[in-house]
Protein chains: 2
Amino acid sequence: MSWLDGDTTAGPGDPSSGRRPPTRARLIRAFMTLVQQRGYAAVGTAEILAAAAAPRGSLYHHFPDGKSGLAVAAVEELTDDITGALQQAAVSKRSLGALLKQMASARAAWLKQTGWSEGPLLGVLTNETVPHEPDIAAALALASEAVTGAFTNLFIARGFPPDVARRHAQLARATLDGAMTLSRAARSSESLVEAGAFLARHLATPDSIGDTP
Amino acid sequence: MSWLDGDTTAGPGDPSSGRRPPTRARLIRAFMTLVQQRGYAAVGTAEILAAAAAPRGSLYHHFPDGKSGLAVAAVEELTDDITGALQQAAVSKRSLGALLKQMASARAAWLKQTGWSEGPLLGVLTNETVPHEPDIAAALALASEAVTGAFTNLFIARGFPPDVARRHAQLARATLDGAMTLSRAARSSESLVEAGAFLARHLATPDSIGDTP
DNA sequence: CTATTATTGGACCAATCAGTCCAGAGGGAA
DNA sequence: TTCCCTCTGGACTGATTGGTCCAATAATAG
């Protein structure tokens, strides 16, 4: 449940004792970290290569499409991380309110710990690439649907009817991601904490819906 | 109430009949539009200059700090637009629910109209510049506080106690901004429409709070 | 008018960008 | 060994980056 704990950089790639992850995985991790800090366009390939301790040839060997191909792979891997964590959450015994609060506080802790230097990867990629990078935009659309679907399944597993579950999923995602950016701008957890409390209060119980007119 | 209607590019600068706005204003508007489309780092000064039909010398005359100075000015101007619109909304006679719904649907209409090619300016700037552009980050922190304050005043004007008003302000901002990015990724208004409906339902009446333990 | 300041127009620069290319290291399989 | 293929290492390139500099041109003041 690494993503629920707010850690995007752990992941697999470290199967045995102290072996270094393969180059491809190191490139993806370096890309994620740097883009979370400063966005897609501001991060150069040279910097990614340095952070991953990989030569230039390896980047274009593993990702023939270059930087944008690396972005697509990173989006896909992050999607797997997130949906995996949400699946685990769905089958866990924790209450919905506790889960939503934990999602918010985990992100708040991560932001604070990194000195507000890292932000939401899918969000920044969306706002930087949707109009003019069709490959990345397509990957983001798929990722968005997958994550919303995983959130929806979580709400369904907690007893909501599918249509309500999906709307609550959209809400939870929007509020958490938005609060993350606001917290970053203000360098304060206030927004994220309030978001978690609010979601736990209003989305946690099926009978609090009140929108069947 | 241009910002409530989702139009960020209108603004002043056109006082008399058909006079062209002065260079400084044109630079800011060009910057806003381009950054909303593709982010801060991906937009070059040459492109901004071309869009504003201004020579290079003018940029560094009006903004001695260059691109980052232009960003700070754009953030300040957008902040004024937003807080002005919210002040008007606060003194208007419209219901809170109607206002929140309108904010969401105005953004949805704007996104759709531009082919999902423009996004939230403050959000993308936050996630691109906070760790390594101190001037812009400072402007964003001020802007964030000002906008949250304006939202808070709106809730206070509708009868909420100050502390609840501020928390609802954080919530409304986070949810609307987050939903905007999600809508952009999915190229669908679904998320924004749901966000507006949800906020109108849960933040509109003072007695729906239920959080005084 | 002249003097002064504000603004424009654009040539120019060093640094950096993403991407290309290829020689060769490494490691199984035969 | 030899063959084959994956992967690495890094030199190189043309385009573009943000920024500097200054002469030419309004615009305003006296």
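Protein chains get the first letters and strands the later ones, always in sequence-line order, with residue 1 at the start of each. All values reported here derive from a predicted model rather than from experimental measurement.
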**Message:** Can you see whether Ser144(A) engages Arg173(A) through a side-chain donor-acceptor pair at a distance of less than 3.5 angstrom?
**Reply:** yes
Mind calculating the distance between [atom1] ([X]) and [atom2] ([N]) to the nearest angstrom?
X: Ile48(A); N: dC17(C); atom1: CD1; atom2: C1'; result: 12 Å
X: Glu47(B); N: dG19(D); atom1: CD; atom2: C1'; result: 18 Å
X: Lys67(B); N: dT16(D); atom1: NZ; atom2: P; result: 15 Å
X: Leu34(B); N: dT17(D); atom1: CG; atom2: P; result: 12 Å
X: Leu49(A); N: dT20(C); atom1: CG; atom2: P; result: 14 Å

**Those residues of residues 54-65 of chain B lying under 4.0 Å from DNA chain D by at least one heavy atom** =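 Going residue by residue through residues 54-65 of chain B, the ones with a heavy atom under 4.0 Å of DNA chain D turn out to be Arg56(B), Tyr60(B).
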**Fill in**
Which of Asp177(B), Asn127(B), Thr126(B), Thr181(B) passes side-chain hydrogen bond (donor to acceptor under 3.5 Å, both in side chains) with Thr181(A)? Answer is Asn127(B)
**Prompt:** Between Glu190(B) and Arg166(A), is there a salt bridge with N-O shorter than 4.0 Å?
**Reply:**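 Result for this pair is yes, salt bridge flagged.
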**Message:** Check this for me: does any side-chain nitrogen of one of Arg38(B) and Glu47(B) sit under 4.0 Å from a carboxylate oxygen of the other?
**Reply:** yes
**Asked** Is the number of heavy atoms from other residues, nucleotides or ligands under 6.0 Å of Arg56(A) CZ greater than 12?
**Response**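 Yes.
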**Asked** With a cut-off of under 6.0 Å to the ring centre and 45° to the axis, is Lys67(A) in cation-pi contact with Tyr40(A)?
**Response**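 Output yes; distance and angle both within limits.
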**Asked** Does Thr23(A) place a side-chain N or O at less than 4.0 Å from the phosphate oxygens OP1/OP2 of dT8(D)?
**Response** yes
